[in-house]
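Notes follow once the structure below has been shown.
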Amino acid sequence: MTDSQLAQEASAAERQFWFAEQVARKAAANIALGQIRIEGPVEVPALARALDAVVRAHEALHTAFVLDGQRLVREVVAPMPGRTPVLLAAGTAFDDVAARLDETGFDVQAGVLHWSAVAPDEDGASLYIAVHHIAFDGLSHEILTSDLADAYAQALTGTEPYLPPRPRAAVTSLGAAQRDELAAHWRTTLTGVADLPCTGAELSQRELARASLFEHRTTCSAGLAQKLRDRAREGAKTPYALLLTAYGRALAELTGAGEDFCVGTPIATRGTDQEREVGCLLNTVPIRMRGLDGPDAADRVWDAVVDAVLHLELPCEHIVAHCRTGRSRRMPLFQALFAYQSWTRTVHEAGPARLWTVPVKPVGAQAEVQMQVCEVEGDAFDVVVQTPAGGPWDGRLADLVAAFDNHLARLATAPTS
């Protein structure tokens, strides 16, 4: 191991999940659970060798996070050998696997960050990959699957699979002047913003992370989704803007929030040299929701999203430090989250087998209420809304989804502003 590897400073996203692990050790909220569909021959020993090759190739999957004085740093360590996937009964579903995440044995200080399980069936298998969020985001799911297909194709021929090393990109630190400029911008952007009104129990971030989740699902049909895409294109936006606007309107309608609150949204921070890097490469930023009743609501929301992207370099922890309006048990600045997954899910050839990612949901609470929208087969949108048990949205998800569906339908048919 080189001195530079020992001294690499952790990123802001890695610090976020390291801190989350200290606050709520082994909580499901700190874990990303991916699902990969395998069609064709399933040879578990070959699959185990392929997984080992993927872990060896990606530094993020065998990196320890330790304190060096006041700094959190990365230390690339030797991968833990031979973590053979747990063999599950045929038909074992995602929720059943999510209930077993206490078996992962994760240790961020030792670099033990991944766990897998496989449920073979007559057509192939479902492979479940659990990775600590400190080393994994949504796009990492697709990257890992692509590399796993390459390694599995090799392993099925009886050869020892090999993938080229994929080292981490070093974290780029902000200069003092740039940091001050970004902080000033965010203070101006968020001045006077209010918390989302809370009509129930207030949960601390530790309580959120440890709570079990309730959820409600809905589907935006391909026909409605196409109308949203058409409206968005006419207004020089993406469907993201209309979906987030509908979510904001639903939140405001059910809480009496009025016209001014924030919704947090994760945005990828991958540079051009990180397209094949597994890791937690994102920043969660607050999007100020104002003027939601007006005909130009989606334009306002889109402008706020674009502005956030342009000022994405300031980590969420620093935005909170500079802009939080008060102290309470609740999450600061935003208490609701919105995530949108729109990337292409490629079918990867692995010799006689084929692999592809299956859209998955979060397995732990990152907020008082959270919505995830995924583009799925057939050009529809799959929508899942989740809330921790005992929180202010416990028992209210059906109403929230109904309000969201209503506002989304209106936005899809409204004239473009």
Side-chain angles (χ1 to χ4, degrees), residues 16-35 86 88-89 91-108 113-117 119 126 128-134 136-138 141 196 198-218 247 250-251 254-255 263-264 266 284 328-331 334-339 341 358-374 382-402 404:
Q16 172 189 336
F17 282 108
W18 180 87
F19 179 76
E21 184 66 24
Q22 312 315 303
V23 170
R25 291 186 182 276
K26 304 186 185 303
N30 301 331
I31 299 173
L33 179 60
Q35 182 175 353
V86 175
L88 304 172
T92 301
F94 181 92
D95 287 343
D96 298 322
V97 180
R100 299 180 58 164
L101 292 180
D102 58 350
E103 300 176 18
T104 59
F106 289 162
D107 185 343
V108 297
L113 304 174
H114 67 95
W115 176 91
S116 60
S126 289
Y128 298 97
I129 305 288
V131 185
H132 198 286
H133 255 311
I134 203 168
F136 209 72
D137 59 15
H141 189 194
L196 197 63
C198 180
T199 57
E202 295 185 358
L203 299 184
S204 68
Q205 287 179 271
R206 177 179 306 203
E207 290 166 336
L208 285 173
R210 293 196 175 282
S212 57
L213 280 179
F214 292 122
E215 67 178 53
H216 198 94
R217 286 183 175 271
T218 187
Y247 183 45
L251 291 169
L254 295 182
T255 63
V263 171
T284 302
S328 74
R329 286 167 50 83
R330 301 177 73 194
M331 295 177 62
F334 54 86
Q335 296 79 44
L337 277 176
F338 177 82
Q341 296 186 0
V358 177
V360 294
K361 61 187 180 183
V363 293
Q366 303 287 345
E368 292 177 2
V369 61
Q370 55 200 34
M371 173 180 284
Q372 177 179 277
V373 179
C374 294
D382 179 70
V383 182
V384 59
V385 185
Q386 300 170 313
T387 190
W393 290 91
D394 191 343
R396 306 178 69 197
L397 291 188
D399 292 338
L400 180 60
V401 168
F404 171 77

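These numbers come from the heavy atoms of this one structure, side chains and all, not from hydrogens, waters or symmetry mates. Worth saying up front: this structure is predicted, and the values here are computed from it rather than measured.
- Shortest non-hydrogen contact noted between A211 and A389 is CB-O, 4.0 Å.
- Residues that satisfy the side chain to side chain donor-acceptor pair (under 3.5 Å) test with H132, not counting sequence neighbours, are E21.
- When atom types are taken as modelled, the side chain of R396 and the backbone of L254 share a donor-acceptor pair closer than 3.5 angstrom.
- The backbone N or O of A93 lies less than 3.5 Å from a partner atom in the side chain of D96, making a donor-acceptor pair.
- Heavy atoms only, all atoms of each residue included: F404 and Y247 are closest at CD1-N, 3.6 Å.
- Annotation for T104 and A130: closest pair CG2-CB, 4.3 Å, computed over non-hydrogen atoms.
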- Item | From CA spacing to verdict: side-chain contact (heavy atoms from CB on, under 4.5 Å), L88, R100 | CA-CA 11 Å; L88 304 172; R100 299 180 58 164; 3.0 Å; yes
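- Using a distance-only test at 3.5 Å, with no hydrogens or angles considered, no donor-acceptor pair links the side chain of S116 to the main chain of I129.
- Using a 4.5 Å heavy-atom threshold, the side chains of P359 and D382 count as separate.
- Legend: residues meeting ring-ring contact (aromatic ring centres under 6.0 Å, His included) with F17, ordered by chain and number and at least two apart, are H133.
- Evaluated for a side-chain hydrogen bond (donor to acceptor under 3.5 Å, both in side chains) with Q386, the options R217, Q370, H216, K361 yield exactly one hit, Q370.
- For the pair Q366/T284, no side-chain contact is recorded, criterion being any heavy-atom separation below 4.5 Å from C-beta on.
- Side-chain contact between L113 and F136 is absent, with no heavy-atom pair separated by less than 4.5 Å.
- Side chain of Q372 to main chain of V360: a donor-acceptor pair is present (N/O by atom type, distance under 3.5 Å, no hydrogens or angles).
- Here the shortest heavy-atom pairing between N30 and A24 reads ND2-O, 3.0 Å.
- Annotation for V363 and L213: closest pair C-CD1, 3.8 Å, computed over non-hydrogen atoms.
- Of the possible polar contacts, none joining the R330 side chain to the E368 backbone as a donor-acceptor pair under 3.5 Å is found.
- Legend: residues meeting side chain to side chain donor-acceptor pair (under 3.5 Å) with R329, ordered by chain and number and at least two apart, are E207.
- Nearest approach of V23 to R206, heavy atoms of both residues: O-NE, 3.2 Å.
- Without hydrogens or angle criteria, Y128 side chain to A98 main chain gives no donor-acceptor distance under 3.5 Å.
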